[in-house]
Novice: 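If you scroll down you'll find the structure; I have some questions about it.
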2 protein chains.
Amino acid sequence: MKIGELAKRSGLSAHTIRYYERIGLLPYADRDAGGRRDYDASILAWIAFLDRLKTTGMPIRDMLRYAELRAAGSRTGPERRALLEAHRDRVRAHLADLQACLLVLDTKIGGYAEAEKRTHPDDQSHPPDAGEPAGARTPRA
Amino acid sequence: MKIGELAKRSGLSAHTIRYYERIGLLPYADRDAGGRRDYDASILAWIAFLDRLKTTGMPIRDMLRYAELRAAGSRTGPERRALLEAHRDRVRAHLADLQACLLVLDTKIGGYAEAEKRTHPDDQSHPPDAGEPAGARTPRA
DNA sequence: CTAGGGGTTCGAGCGCGCTCGAAGTCAAGC
DNA sequence: GCTTGACTTCGAGCGCGCTCGAACCCCTAG
């Protein structure tokens, strides 16, 4: 598989794939006779995993650490596990934060919905301001 | 309240508060006789709300849009609501992604845990490699 | 034989969200 | 009166994660 096809299949751009190789996130790819990268399909699984780490907000330097440990052999298993566990904990915490924020968002939206309901049927022009904190005008926005 | 105290109470740095004012995320604060910002406690609610938007990944330019709408008066309610609803949908989608990733992470960690269990009691030196995708060595890491 | 398209390396540039430092002002405490 | 320290403005710089363009190479199809 050439880099163009890997790009299509993985969702990364060819530029990004080369960048990842450069920094060590992807293994140095075998080159064909003409010096072009030629990938094995198995790389897709690794990229998919990196994608998940990215989605969950892991910084590249940590993915790099993980990749290094992998490269260093199976005796680094425990450290890799620890790294993933620490990350998992952060993700869980963030998830909880997000859920809490979602509730607030829902409440806020509910407030606006209410205001619209109150103002729409009888066409009032000065409806109350759906629960906004006072004093937060932005004059020079 | 001076900027230093607001910083303490809000968790933002004074630098960041000034930056937010500069770009329009925070209202232009009243100045005292000496030209220093003097804040009303109500600003804290607005900052807390911005924090939630930030936590949920809203880019500053969208917060800015929201702030502008607020400044434009109560008739912008529907548009603000729409903005928040669109954001909520994105957050929900991201939340679902995260949860899916968490499962994968758990599985992966489980794999490492297994490997450790298998390798530890009888002290093998070449345990199987906990479900890692093959061919993802990183030679020049 | 030539044109085209995809590949190569290298290094600069970008968008985001701050973060910081310099140089100056002002008010309160000793 | 002088020091201290929190404030002011302004503009530059940073860390992250790409993103892109230039200049060149090589293979294939027409």
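Values reported hereafter were calculated over all heavy atoms of this structure, with side chains retained and with hydrogens, waters and symmetry mates removed.
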Novice: As a test of reading the structure: which of C:dC20, D:dC7, C:dT8 is closest to the side chain of A:R18, going by heavy atoms?
Specialist: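 Minimum distance to the A:R18 side chain belongs to C:dT8.
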Novice: To the nearest angstrom, how far is B:L64 atom CG from C:dG17 atom C1'?
Specialist: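 Rounded to the whole Å, the gap is 13 Å.
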Novice: To the nearest angstrom, how far is A:Y19 atom OH from C:dA12 atom C1'?
Specialist: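 My rounded result for the distance is 14 Å.
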Novice: Compare the minimum distances between each of D:dT19, C:dC18, C:dT8 and the side chain of A:R36, then state the nucleotide with the smallest one.
Specialist: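 Of all the options, the side chain of A:R36 is nearest to C:dT8.
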Novice: Whole-Å distance between D:dT19 P and A:R22 CZ?
Specialist: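 After rounding, the reported distance stands at 12 Å.
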Novice: Tell me which of B:I60 and A:R31 sits closer to the 5' end of DNA chain C, going by the nucleotide each one is nearest to.
Specialist: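 That would be A:R31.
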Novice: Between atom CG in A:D38 and atom C1' in C:dT8, what is the gap in whole Å?
Specialist: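 So the two atoms are 14 Å apart, to the nearest Å.
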Novice: For D:dG17 and A:K54 - does any side-chain N or O of the residue sit under 4.0 Å from the phosphate oxygens OP1/OP2?
Specialist: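 Result: no.
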Novice: Determine, step by step, whether A:T56 and B:L102 satisfy the side chain to side chain contact (heavy atoms under 4.5 Å, CB included) criterion, reporting the C-alpha distance in whole Å, the side-chain angles of both residues, the deciding distance to 0.1 Å, and the verdict.
Specialist: CA-CA 8 Å; A:T56 51; B:L102 254 193; over 6 Å; no
Novice: Rounded to the nearest Å, what distance is computed from the CG atom of residue A:D32 to the C1' atom of nucleotide D:dC25?
Specialist: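 Rounded to whole Å, this separation is 12 Å.
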Novice: Reckon B:R61 has a side-chain N or O less than 4.0 Å from the OP1 or OP2 of C:dC16?
Specialist: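 Looking at the OP1 and OP2 atoms of C:dC16, one of them is under 4.0 Å from a side-chain N or O of B:R61.
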Novice: CG of B:D62 versus P of C:dC16: gap in Å, rounded?
Specialist: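 That distance rounds to 10 Å.
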Novice: Does B:A7 offer a backbone N or O that forms a donor-acceptor pair with the side chain of B:R9 under 3.5 Å?
Specialist: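 The answer is no, because no donor-acceptor pair under 3.5 Å joins these two groups.
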Novice: Can any side-chain N or O of B:D38 pair as donor or acceptor with the backbone N or O of B:M1 at less than 3.5 Å?
Specialist: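 Pair found, side chain donor or acceptor close to backbone of B:M1.
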Novice: From C-beta outward on B:I3, which listed nucleotide comes closest to its side chain: C:dG17, C:dG7, D:dC7?
Specialist: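 Ranking C:dG17, C:dG7, D:dC7 by closest atom to the B:I3 side chain puts D:dC7 first.
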Novice: Ion pair present between A:E5 and A:K2, side-chain N to carboxylate O less than 4.0 angstrom?
Specialist: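 No salt bridge links A:E5 with A:K2.
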Novice: Nearest whole angstrom, please: distance from the P of D:dA6 to the CD1 of B:I17.
Specialist: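 For the pair B:I17 CD1 and D:dA6 P, the rounded distance is 15 Å.
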Novice: Choose from D:dT19, C:dT9, C:dC20 the nucleotide whose nearest atom is closest to any side-chain atom of A:R37.
Specialist: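 Closest nucleotide among those given: C:dT9.
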Novice: Would one find a side-chain N or O of A:Y20 under 4.0 angstrom from OP1 or OP2 of D:dC18?
Specialist: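 Looking at the OP1 and OP2 atoms of D:dC18, one of them is under 4.0 Å from a side-chain N or O of A:Y20.
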Novice: If I take atom NE2 in residue A:H15 and atom P in nucleotide C:dG6, what distance separates them, rounded to the nearest angstrom?
Specialist: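 Value for this atom pair: 13 Å.
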Novice: Taking B:E79's backbone N and O only, do any of them form a donor-acceptor pair with B:T76's side chain (distance below 3.5 Å, no angle check)?
Specialist: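 No, because the side chain of B:T76 does not come within donor-acceptor range (under 3.5 Å) of the backbone of B:E79.
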